[in-house]
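Sequence positions, counted from 1, serve as the residue numbers for this chain.
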Amino acid sequence: MKREIKYDIKLLIKLSLIFFGLLFMLCILLGRRERKQEPPEGDKITVQDVEILLEALDINMSEVTQQEDTPNLTYGMYVAIRQALQDKVPDLPEYEKRYEPEHEMLKTDWYAAYRIMLAYLDTESSIWETDIFLLKTDTAAKEAYIVNGNNRTPYHYLSDEFEKNQLREMKVYVKGNDLLAVSEVVPGEYELKNVWVTEAAEGTMECFFQQTYFTVMADQVVKREQIADLVVRDGRVVKAREKSEKVHGKLLWVSKDALEIEGSGVYPLSEGIEVYKLYGSMETLACADLRIGYADTDYVIERGKVCACLVSERETADRIRVLLKNTAKGTSYYDRVELIVDGETIQIEEKDLAVGERRSYRCAALTDKILLNIEGISKEDNAYRGVVECYRNEEGMVLINELPLEEYLYAVVPSEMPASYPAESLKAQAVCARTYAYRYILRAGLPEVGAHVDDTTAYQVYHNCRENVATTTAVKETDGVLLTYQDEPAQNYYYSTSCGIGTDAAIWKSGSEEDISYLRAVEINRDTYAALGSEEEESAQDQETVRDSEAADNLKDEENFRQFITTTNEADLEYTQPWYRWIYTVEEIDEEAMLSRIRDRYAVSPASVLTKTEGEYYVSQTVEKLGKIKELSIAKRGAGGVAEELLIVTDQGTYKILSEYNIRYILCDTKSEIVKQDGSVTIPSTLLPSGFFIIEAGKKEGNMIGYTLIGGGYGHGVGMSQNGAKALGEEGSSYSQILEFFFPGCELTDSDRTADL
């Protein structure tokens with residue numbers, strides 16, 4: 001009995017302890033619930049930034065965010081935003097255990113929620129987060145100058161936080177060209193490599209970097225007008241390292257990895273290389289802007305590599321370097337060449353030169369020429385002015401002819417326009433050829449081999465015909481004259497013959513940001529030209545701009561263009577030219593040959609060869625099999641009616657070919673005849689004469705067996721029609737009037753005035 005009582009007491013004690021323990025824990029929990037949470041520590045999100053970020057999603061929550069007089073977002077505001085968006089964004093997080101309604105919300109918590117909003121509401125990914133380094137802000141213009149890869153355009157900023165964080169690295173949200181808000185200021189150091197220090201004093205430096213002037217407080221400074229690496233922490237320079245080793249000389253070639261300086265050798269390029277133009281208006285350039293063949297630059301060397309280029313002189317761009325192509329073999333390289341210099345015959349084979357070796361030849365007298373004999377190549381003119389270089393690189397031996405720009409034109413103009421054309425037409429051609437070449441001197445087309453251009457139709461034909469007194473006179477009488485637009489050398493393309501209208505540069509789909517509005521689809525007839533000489537010239541020109549635009553747009557319609565190309569207009573400047581109208585007939589389609597040509601263009605431009613998948617969706621992919629052709633048609637026309645999209649429907653699939661060049665290549669079978677309007681016949685070897693044509697199908701049992709193209713013109717149709725220029729010259733127009741007609745809005749400028757471009 002005593003044992004049972006004793007046992008009951010022990011059990012009672014245990015139960016009591018458990019009860020009071022639970023009661024104690026309950027009191028603690030109740031006490032905690034009654035005691036308010038402490039506000040969390042950290043960077044707070046501002047009301048301004050929240051409004052900016054929501055506005056970027058087309059959400060206006062100002063009624064919520066303006067309820068309280070506080071600069072930062074409170075948790076109570078966030079709850080109201082969360083409730084308003086719960087139908088559109090169901091997964092926004094709750095932070096009840098972290099915040100009281102009046103607590104200011106941390107940036108980290110807000111941005112965790114904002115990323116979820118983006119996932120639901122920004123389906124096109126128009127808003128993104130990226131890393132930048134902020135060099136400076138212009139508070140008046142609300143522009144931020146940043147370091148962000150190769151992007152050197154100032155951004156418009158919205159949040160005031162940017163003004164407080166200059167010379168700091170940060171994570172930001174961006175939409176289009178707007179910097180929305182700062183999500184995080186990244187702690188630690190940031191290195192700006194290869195900065196140009198313009199001025200330096202105790203404690204401060206004036207700098208220029210990526211198109212931006214900025215001032216920075218500095219614990220360590222370097223000498224003025226030097227390249228330096230700057231280490232920045234918390235908005236000031238804590239370490240500066242000057243780079244003073246330089247070399248100077250003529251630039252022989254430049255690639256993406258290296259360059260060669262005459263007399264100094266080959267130097268690799270540093271990954272963070274910067275190029276500065278120091279004369280005139282200071283600019284940051286690209287390596288492609290370095291002038292091949294000129295000694296206007298100092299090269300800053302660090303550990304054997306070029307880390308910066310200082311273009312320090314304004315040197316007249318009056319010499320050109322021409323790569324002489326081995327057209328017999330379809331390459332840039334030669335096994336063997338023969339030169340005759342001052343009567344001495346010199347034979348050079350590739351094996352005679354070490355890789356990197358260069359031999360230059362010139363005549364003793366400036367007016368004498370080097371004779372160049374190349375096996376398998378027959379040119380009417382093989383006498384070259386200036387210097388001929390034989391250079392061996394890893395691929396083989398190349399030939400480069402360096403000579404004065406004006407003397408280069410002596411051999412270009414007769415190769416591009418018959419010397420029998422009127423003098424003013426030849427002058428117009430000379431100005432076009434000079435301007436075309438000048439652009440490539442400023443930015444070389446073949447920098448990796450040390451040439452501005454080559455001697456083929458890829459640039460301008462050079463030395464195809466002998467120099468002629470008429471064309472040389474045209475060059476001399478326009479000495480130094482360039483065609484410019486807004487003070488820059490114009491893109492002055494030219495071609496042989498129009499069909500009565502031209503087109504614009506959109507046919508090449510280059511995506512260039514340069515303003516080329518002067519390259520438009522002009523009606524090439526006497527009525528249009530006559531308007532330039534009317535009494536109210538400016539008004540007439542404005543009217544003609546509208547008229548040209550309307551004509552160009554009208555001919556985009558298939559029926560309108562069919563009516564245009566199947567008739568003739570005696571007012572057209574080239575009405576009597578053989579290429580004004582033509583007919584091309586393919587009696588029997590060779591599907592395998594067409595497939596081969598389609599694959600050729602896909603290899604060069606995959607985005608221009610599209611295959612239809614589901615619905616109306618097209619993708620770029622290799623065409624494995626063409627099959628029997630059911631339909632060939634022009635699906636889209638550009639300005640002036642030029643073919644822009646070719647639709648090919650077969651029993652294996654449906655395909656689109658984009659751009660007039662590709663269409664001209666694919667529809668040319670290289671064996672069918674073209675009949676010009678004068679009855680003469682020719683067989684095109686590579687391309688159709690132009691992209692101005694309609695397609696007449698020849699069908700049998702539902703399949704196309706052949707096709708006939710009714711077309712007009714010869715060439716791409718952009719810029720100056722040479723036969724149109726001829727007609728104007730014959731009718732008494734000056735070369736300036738001819739150029740004004742084909743390049744409206746452009747001006748004639750002396751090249752000395754554009755040397756700073």
Side-chain angles (χ1 to χ4, degrees), residues 135 150 152 192-201 205-216 221-230 240-256 258-321 402 404-405 438-444 447 450 452 487-489 750-757:
L135 292 173
N150 293 322
R152 299 177 179 183
L192 298 172
K193 296 185 69 67
N194 304 315
V195 175
W196 177 244
V197 179
T198 60
E199 291 290 345
M205 287 189 291
E206 303 286 337
C207 303
F208 185 78
F209 183 66
Q210 296 200 0
Q211 307 292 25
T212 305
Y213 286 99
F214 63 96
T215 303
V216 60
V221 299
V222 299
K223 290 186 293 186
R224 67 185 300 272
E225 295 191 336
Q226 296 294 329
I227 291 292
D229 290 345
L230 308 180
R241 185 164 58 86
E242 181 182 313
K243 302 178 183 182
S244 56
E245 182 184 352
K246 300 182 181 74
V247 296
H248 176 82
K250 178 179 175 180
L251 180 64
L252 297 177
W253 57 264
V254 59
S255 69
K256 64 178 182 178
L259 56 76
E260 182 178 359
I261 304 165
E262 187 175 51
S264 298
V266 176
Y267 289 87
L269 303 182
S270 292
E271 184 176 348
I273 186 171
E274 292 288 337
V275 182
Y276 296 98
K277 180 174 80 72
L278 303 182
Y279 63 87
S281 176
M282 188 176 291
E283 293 181 58
T284 307
L285 306 176
C287 285
D289 295 310
L290 294 171
R291 297 190 188 180
I292 304 295
Y294 290 84
D296 56 2
T297 300
D298 288 334
Y299 301 90
V300 182
I301 309 300
E302 180 188 26
R303 298 175 184 173
K305 295 183 177 182
V306 177
C307 63
C309 306
L310 308 176
V311 185
S312 53
E313 295 182 1
R314 178 188 298 179
E315 191 168 346
T316 303
D318 59 359
R319 300 185 312 280
I320 190 166
R321 291 171 62 82
E402 180 177 313
L405 172 58
Y438 194 87
R439 286 177 62 94
Y440 280 104
I441 293 174
L442 298 184
R443 193 179 180 96
H452 300 116
D487 297 325
E488 300 222 5
D750 191 285
S751 60
D752 289 340
R753 287 172 53 195
T754 59
D756 189 30
L757 297 177

For this session: Could you pull out the closest heavy-atom pair between E283 and F208, with the gap in Å?
Result: C-CE2, 3.8 Å
Exercise. A240 and L230: which non-hydrogen atoms are nearest, and at how many Å?
Worked result: CB-CD2, 3.8 Å
For this session: Measure the CD1-CG distance between I273 and L290 for me, rounded to the nearest 0.5 Å.
Result: 7.0 Å
Exercise. Short question: side chain of R291, backbone of D296 - any donor-acceptor pair under 3.5 Å?
Worked result: no
Seminar exercise, completed: Of all heavy-atom pairs linking V221 and A201, the shortest is CG1-O, 3.4 Å
Problem set entry | Criterion side-chain contact (heavy atoms from CB on, under 4.5 Å) on Y294 and T316, from CA distance to verdict | CA-CA 9 Å; Y294 290 84; T316 303; over 6 Å; no
Exercise. Is there side-chain contact between L405 and I441, with at least one heavy-atom pair below 4.5 Å?
Worked result: yes
Exercise. Can you tell me if R319 uses its side chain to pair, donor with acceptor, with the backbone of E402 under 3.5 Å?
Worked result: no
For this session: Carefully, step by step, assess E274 and T284 under the rule side-chain contact (heavy atoms from CB on, under 4.5 Å).
Result: CA-CA 7 Å; E274 292 288 337; T284 307; 3.4 Å; yes
Problem set entry | T198 side, atom OG1; F214 side, atom CZ - distance, nearest 0.5 Å | 9.0 Å
Problem set entry | Atom pair NZ (K277) and OG (S281), whose distance is rounded to the nearest 0.5 Å | 5.5 Å
Exercise. Would you call L135 and L192 a side-chain contact if the rule is heavy atoms closer than 4.5 Å?
Worked result: yes
Problem set entry | Side chain N194, main chain A308, donor-acceptor under 3.5 Å | no
Problem set entry | Nearest non-hydrogen partners of A228 and V197, listed with the distance | CB-CG2, 4.2 Å
Problem set entry | Whether over 12 other heavy atoms sit under 6.0 Å from K246 NZ | yes
For this session: Step by step, work out the side-chain contact (heavy atoms from CB on, under 4.5 Å) result for I320 and Y440.
Result: CA-CA 9 Å; I320 190 166; Y440 280 104; 5.9 Å; no
Exercise. Can you name the closest pair of heavy atoms from A295 and E313 and give their distance?
Worked result: O-OE1, 4.2 Å
Problem set entry | CH2 on W196 to SG on C207, rounded to 0.5 Å | 11.0 Å
Exercise. Quick one: side-chain contact (heavy atoms from CB on, under 4.5 Å) partners of E199, sequence neighbours excluded?
Worked result: E206, R224
Residues 259-271 side chain polar contacts: donor-acceptor under 3.5 Å, at least two apart:
from	atom 1	to	atom 2	distance (Å)
E260	OE1	W253	NE1	2.6
E260	OE1	R358	NH2	3.4
S270	OG	V306	O	3.4

For this session: Please report the closest heavy-atom contact between V195 and Y276, naming both atoms and the distance.
Result: CA-OH, 3.6 Å
Exercise. Residues two or more places apart in sequence or in another chain: which of them pass salt bridge (charged side-chain N to carboxylate O under 4.0 Å, His left out) with D229?
Worked result: K193, R241, K243
For this session: Give a yes or no answer on whether the side chain of H248 reaches the backbone of Y299 with a donor-acceptor pair at less than 3.5 Å.
Result: no
